[in-house]
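Position 1 is the first residue of the sequence, and the numbers go up from there. Counting starts at 1 for both ligands and their atoms, following the listed order.
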Amino acid sequence: MTRSPERRIPTEVDFDHLDPAVAEDVYARLGVIRRLCPVAKSSAHGGFHLLTGYDEIREAAGHGEIFSSYVHGLGAADVVAEEAGSDGNPPPRAPLFEFDGQAHMAWRRILRPYFTPTAAKEHESLIRRLCRETLTGFAKQGRADLVTAYTQVVPPIVVAALLGVPESGRELLAEHAKRLVAAESREEAEKRGREYAKLLLGHIRERAGVPRDDMLSDVIHADLGAPASERQVLRFAALMVAAGQLTTTDAAATMALLLAENPDLRDRARDSPKVLEEFIEEAVRYEPAVAATGRAVTRPTMLGGVRLDAGDRVLLAWGSANRDERHFSDGDVFRPERGRTRPAHLGWGAGAHRCLGRHLARLELRVMLQELLAALPNLRLRADARPRRTYGVIRGVREVAVEWETAS
Ligand code: HEM
């Protein structure tokens, strides 16, 4: 299933996407690897093939029957709450995220109504209200870290609403979600993940007996032959939080940093909805929040001239695809007026698992940035700011230290 005629031995590379040290210059490193060997091999985490080329990533994402989404050990534990007391066996498949083929399509059909552009729009007033309340809380201070003060605050509440958690329970869930995001080590993340899972479990159990008109109830009571187990629903909810919250938090932080670094762009984005929209799309291409996700090979195959065997794992470095010189001649350049690319960039993924939440994500990011720039029109990066990049399954920035003039 490859277009490349010759057979290649994959180059062994020293690359661990979960090592914080790779974050700072990750795209320079991935660029070198991509030009050398777009299907390389890393020995980290028990070994995986690192896909960095656009064509190779797209091909893997487009063939779920060979590249399964049910994959372990490439980082999901860092971002996903695991059930307390789990028995050490591989977790059960999460509905939607970890299903392939027809079963995946069936889950997608069940969940699609929550993700249409119209459904996304229904969250707009909640998002705008949350943004305004949050900004009012710190606008008079004249300085802030936008990550803790803003970009981490809004998305967890939106995801809680999306799942169907009633307003009274959203703050608590969001608080735990923020603690989870702030964890500095894998152990801490797992511990906080378990606490978070307990809370989610409460919401799941409430709906198991009495279904409501919401997403969690639809997953619990879906009629697909056999019902999803409680652990499956929990993994679904935890992955939905990762997919919907961590992504938007980090995407908003990356975008706020780009705007705070560039006053001219900031002013144009503040004054023109079109500029803001194009800026958001280009930022998703240039620094996609979903940076690297895995697949498990189900049967022998060839990719980019490299032979892969059943049981091999591959890591799809989405952001590297978006800078592949075979398709984007100036891919390493951030060009906000670039508009939609041809071929499409892979910041939202590709194939059957392409981001279901992209309409909501675009809307949420637009409203968050609009409100930010309306409240703090002259915000700029502080001279002493040292933004620390993160990389892994999710790409973001730990701190965006800004300042602004306040009306006294
Ligand atoms: C800037 C923000 C976001 C980015 C860059 C992003 C990107 C992605 C990518 C690359 C994938 C595919 C992963 C893979 O195939 O391994 C994906 C899947 C997904 N995303 Fe997003 N996403 C974002 C925000 C959201 C939001 C806000 C939601 C909704 C709550 C969401 C829901 C989903 C879901 C449900 C999937 C899995 C779809 C499936 O398995 O069929 N995403 N996203």
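- Backbone and side-chain nitrogen or oxygen atoms of E364 are examined, and none is located within less than 3.5 angstrom of a nitrogen or oxygen of ligand 1.
- Ion pairing of E399 with R386 is absent here, as no side-chain N (NZ or NE/NH1/NH2) approaches a carboxylate O to less than 4.0 Å.
- Using a 4.0 Å cut-off between charged side-chain N and carboxylate O, R58 and D55 make no salt bridge.
- Around atom 30 (C) of ligand 1, the closest heavy atom drawn from L162, T254, V284 belongs to L162.
- Classified by interplanar angle (parallel below 30°, tilted 30° to 60°, perpendicular above 60°), the ring pair Y391/Y27 is perpendicular.
- For R93 and D100, the salt-bridge test passes: some basic side-chain N is under 4.0 Å from an acidic carboxylate O.
- Taking the six-membered ring wherever Trp is involved, the centroid distance between the rings of H327 and H345 does not fall below 6.0 Å.
- Ring planes of W107 and F99: tilted class, angle from 30 to 60°.
- Considering each of C355, A292, A361, G347, the one bringing a non-hydrogen atom nearest atom 21 (Fe) of ligand 1 is C355.
- Looking at W348 against ligand 1, both its backbone and its side chain come within 4.0 Å, counting heavy atoms.
- Scanning all protein heavy atoms for the shortest distance to atom 40 (O) of ligand 1 gives H353 ND1, 2.6 Å.
- The shortest contact between atom 10 (C) of ligand 1 and any protein heavy atom is with G349 N, 3.3 Å.
- Those atoms of ligand 1 with a heavy atom of G244 less than 4.0 angstrom away are 26 (C), 27 (C), 28 (C), 29 (C), 30 (C).
- Contact annotation: V159 has no heavy atom less than 4.0 Å from any atom of ligand 1.
- Taking a cut-off of under 4.0 Å to the non-hydrogen atoms of T248, the atoms of ligand 1 that pass are 27 (C).
- Protein heavy atom in closest approach to atom 7 (C) of ligand 1: V290 CG2, 3.3 Å.
- When R295, Q245, E287, R112 are ranked by how near their heavy atoms come to atom 14 (C) of ligand 1, first place goes to R295.
- Comment: E325 engages R34 in a salt bridge, judged by a side-chain N to carboxylate O separation of less than 4.0 angstrom.
- Note that R323 lies in the cation-pi zone of Y286, set by a 6.0 Å cut-off to the ring centre and a 45° limit from the axis.
- Residue H104 has at least one heavy-atom neighbour below 4.0 Å for each of these atoms of ligand 1: 39 (C), 40 (O), 41 (O).
- A salt bridge is absent between D250 and R395: the closest approach of a Lys/Arg side-chain nitrogen to an acidic carboxylate oxygen does not fall below 4.0 angstrom.
- Comparing L365, L316, T293 against atom 16 (O) of ligand 1, the shortest heavy-atom distance belongs to T293.
- Atoms of ligand 1 found under 4.0 Å from any heavy atom of F97, numbered from 1 in the order shown, are 34 (C), 35 (C), 36 (C), 37 (C), 40 (O).
- The existence of a salt bridge linking R129 and E167 is confirmed by a sub-4.0 Å separation between a basic side-chain nitrogen and an acidic carboxylate oxygen.
- Remark: K191 does not engage E187 in a salt bridge, criterion side-chain N to carboxylate O under 4.0 Å.
- Remark: ligand 1 atoms within the under-4.0 Å shell around heavy atoms of A352 are 41 (O).
- Distances from atom 33 (C) of ligand 1 to the heavy atoms of P155, A120, A291, G357 put G357 nearest.
- A salt bridge links E287 to R389: one of the charged nitrogens lies within less than 4.0 Å of a carboxylate oxygen.
- Residue contacts with ligand 1, taken as heavy atom pairs separated by less than 4.0 Å, do not involve A61 at all.
- Residue contacts with ligand 1 include M240, since one of its heavy atoms falls under 4.0 Å from the ligand.
- In this structure, CZ on R295 lies 14.0 Å from CZ on R313, to the nearest 0.5 angstrom.
- Ion pairing of D309 with R299 is absent here, as no side-chain N (NZ or NE/NH1/NH2) approaches a carboxylate O to less than 4.0 Å.
- Of all protein heavy atoms, the one lying nearest to atom 25 (C) of ligand 1 is A243 O, 3.1 Å.
- When T247, L111, V71, L360 are checked for heavy-atom proximity to atom 24 (C) of ligand 1, T247 turns out nearest.
- For atom 29 (C) of ligand 1, the nearest non-hydrogen atom of the protein is F115 CE2, 3.6 Å.
- Close approach of ligand 1 to R108 (heavy-atom distance below 4.0 Å) involves ligand atoms 38 (C), 39 (C), 41 (O).
- The protein atom (non-hydrogen) at minimum distance from atom 1 (C) of ligand 1 is A251 CB, 3.6 Å.
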